[in-house]
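So the structure is just underneath, and the comments pick up after that.
Residues: numbered from 1 along the sequence shown.
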Amino acid sequence: MKTIFFESIDNTQNYALENYDSEPLLVISYSQDSGRGREQKEWHNADQSLAVSLAFENKYVNLNNSLIPLIAGYCFLDVAKNKDLKLKWPNDINLHENKIGGILVEEKKDIICIGLGVNYFWENPSIPDAGSLYNEKIDNNLINSDAENWGRLVLDYLRNDRFEISAYKEKLITLGKLVEYPHGRGWARDVDIDGSLIIETPEGEFINLTSPLITEVK
């Protein structure tokens with residue numbers, strides 16, 4: 001895995017996809033000028049952030065591609081070693097009910113690029129329900145180490161197909177919640193082996209949801 005570091009960059013996803021060349025590429029930056037989230041949502045830089053993108057060829061993946069965002073989030077929890085970190089299906093990383101990070105997966109021809117954004121410290125978040133991993137700034141070398149360990153762990157899971165849905169579900173806060181999705185609402189009951197969310201509708205039917213566009217009904 002080749003690793004490139006930036007203090008600041010326009011967009012780690014774009015750089016990784018445009019500069020990929022034969023071996024997995026990890027691009028790490030502390031801020032982005034034109035970062036993006038899912039559905040092209042604007043990226044907000046925290047006081048201390050990690051923006052990292054991992055690009056690799058599809059041949060490295062020995063499991064269903066729909067599992068990639070789940071694996072990417074789960075791997076960060078493994079790296080961060082904070083028992084209070086939780087996952088919200090399929091893309092968010094939460095701490096004490098606040099979102100501190102998220103996953104963005106994009107494909108360009110046969111190249112897959114996983115983006116991970118994490119708020120390491122944010123004294124006064126500018127968006128609702130946002131938080132940070134730490135209550136004060138930490139050494140950037142620790143952030144670099146987290147990013148590289150995350151990249152290696154993700155590649156290991158993808159190559160060796162050792163991801164376990166049961167372990168993922170232990171960290172998931174979505175199950176049991178009433179959620180809304182583009183065509184209705186229902187209760188999140190389980191996660192299928194392909195990573196889709198199993199929803200029980202008010203009519204008692206069960207559907208497999210693949211769209212990440214869900215919101216919790218509070």
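At a threshold of 4.5 Å between non-hydrogen side-chain atoms, the residues L116 and W150 count as touching. Two residues are said to be in side-chain contact when any heavy atoms from C-beta on lie closer than 4.5 Å; S211 and Y181 fail this criterion. For the pair V179 and R185, the minimum side-chain heavy-atom distance is 4.5 Å or more. Within the 4.5 Å cutoff, side-chain heavy atoms of C75 are placed close to those of Y157. At least one side-chain heavy atom of F163 sits less than 4.5 Å from a side-chain heavy atom of L70. No side-chain heavy atom of L26 sits under 4.5 Å from any side-chain heavy atom of I4. Between T210 and L197 there is no side-chain heavy-atom pair separated by less than 4.5 Å. Side chains of D33 and I9 form no contact here, defined as non-hydrogen atoms less than 4.5 Å apart.
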### Message
Between Y30 and N144, is the side-chain hydrogen bond (donor to acceptor under 3.5 Å, both in side chains) condition met? List the steps.
### Response
CA-CA 9 Å; Y30 306 130; N144 296 345; 2.8 Å; yes
### Task
Kindly indicate, with the supporting measurements, whether the criterion side-chain contact (heavy atoms from CB on, under 4.5 Å) is fulfilled by V191 and I198.
CA-CA 6 Å; V191 179; I198 299 176; over 6 Å; no
### Candidate pair L104 and I114, rule side-chain contact (heavy atoms from CB on, under 4.5 Å), full reasoning
CA-CA 6 Å; L104 174 66; I114 309 173; over 6 Å; no
#### Entry: Trace of the side-chain contact (heavy atoms from CB on, under 4.5 Å) decision for F121 with L133
CA-CA 6 Å; F121 171 66; L133 184 56; over 6 Å; no
### Task
Any chance you could lay out the side-chain contact (heavy atoms from CB on, under 4.5 Å) test for K109 and I111, step after step, and finish with the verdict?
CA-CA 6 Å; K109 297 182 180 179; I111 306 302; 5.6 Å; no
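Here E23 does not pair with K2 in a salt bridge; the nearest charged N to carboxylate O distance is not below 4.0 Å. For the pair D92 and K99, the salt-bridge criterion is met [side-chain N within less than 4.0 Å of a carboxylate O].
Residues F76 and L153 fall within the same hydrophobic cluster, defined by Ile, Leu, Val, Met, Phe, Trp and Tyr side chains chained together at heavy-atom separations under 4.5 Å. One hydrophobic cluster, built from ILVMFWY side chains closer than 4.5 Å, holds both V61 and V105. Grouping the Ile, Leu, Val, Met, Phe, Trp and Tyr side chains by contacts below 4.5 angstrom, directly or via other members, places I173 apart from L209. Following chains of ILVMFWY side-chain contacts shorter than 4.5 Å, one can reach I207 starting from I165, so the two form part of one hydrophobic cluster. Under the 4.5 Å side-chain contact rule for hydrophobic residues, W89 and F206 do not share a cluster.
Of the possible polar contacts, one joining the N19 side chain to the Y15 backbone as a donor-acceptor pair under 3.5 Å is found. Using modelled atom types, no side-chain atom of D192 and backbone atom of G195 make a donor-acceptor pair closer than 3.5 Å. Listed for the N91 side chain is a donor-acceptor partner under 3.5 Å among the backbone atoms of I103.
Distance check: S66 OG to D194 CG gives 4.5 Å after rounding to the nearest 0.5 Å. Here K177 contributes atom NZ and I199 contributes atom CD1; the two are 12.5 Å apart, rounded to the nearest 0.5 Å. For the atom pair CG of L85 and CD1 of I93, the computed distance is 7.5 Å after rounding to the nearest 0.5 Å. Atom CD1 of I138 sits about 5.5 Å away from atom CD of Q48, to the nearest 0.5 Å. Distance CG/L158 to CG/N62: 8.5 Å, rounded to 0.5 Å. Here the CZ atom belonging to F56 is positioned 11.5 Å from the CG atom belonging to L25, to the nearest 0.5 angstrom.
I127 meets the side-chain contact (heavy atoms from CB on, under 4.5 Å) test with H44, W122, A130; sequence neighbours excluded. For D110, the side-chain contact (heavy atoms from CB on, under 4.5 Å) partners at least two apart in sequence or on another chain are E57.
In plain terms, the two heavy atoms of V154 and A72 that are nearest each other are CG2-CA, 4.2 Å. In terms of heavy atoms, I100 sits closest to G131 at CG2-C, 3.5 Å. The two residues S29 and S31 make their nearest non-hydrogen contact at OG-O, 2.8 Å. Closest approach of S53 to A16, counting heavy atoms only: CB-CB, 4.0 Å. Of all heavy-atom pairs spanning P202 and G186, the tightest one is CD-CA, 4.4 Å. The two atoms that bring K88 and N94 nearest to each other are CB-OD1, 4.3 Å, heavy atoms only.
Identified under the salt bridge (Lys or Arg N to Asp or Glu O under 4.0 Å) test for residues 62-82, with sequence neighbours left out: D78-K81. Sorted by first and then second residue, the pairs that involve residues 167-176 and meet side chain to side chain donor-acceptor pair (under 3.5 Å), not counting sequence neighbours, are K169-D190. Residue pairs meeting the salt bridge (Lys or Arg N to Asp or Glu O under 4.0 Å) criterion with at least one partner in residues 132-159, sequence neighbours excluded, are D156-R162.
S132 and N119 share no donor-acceptor pair across their side chains, judged by distance under 3.5 Å alone. With 3.5 Å as the limit, one finds no donor-acceptor pair spanning the side chains of S8 and Q32.
W187 belongs to a hydrophobic cluster whose other members, connected by ILVMFWY side-chain contacts under 4.5 Å either directly or through intermediates, are L178, V217.
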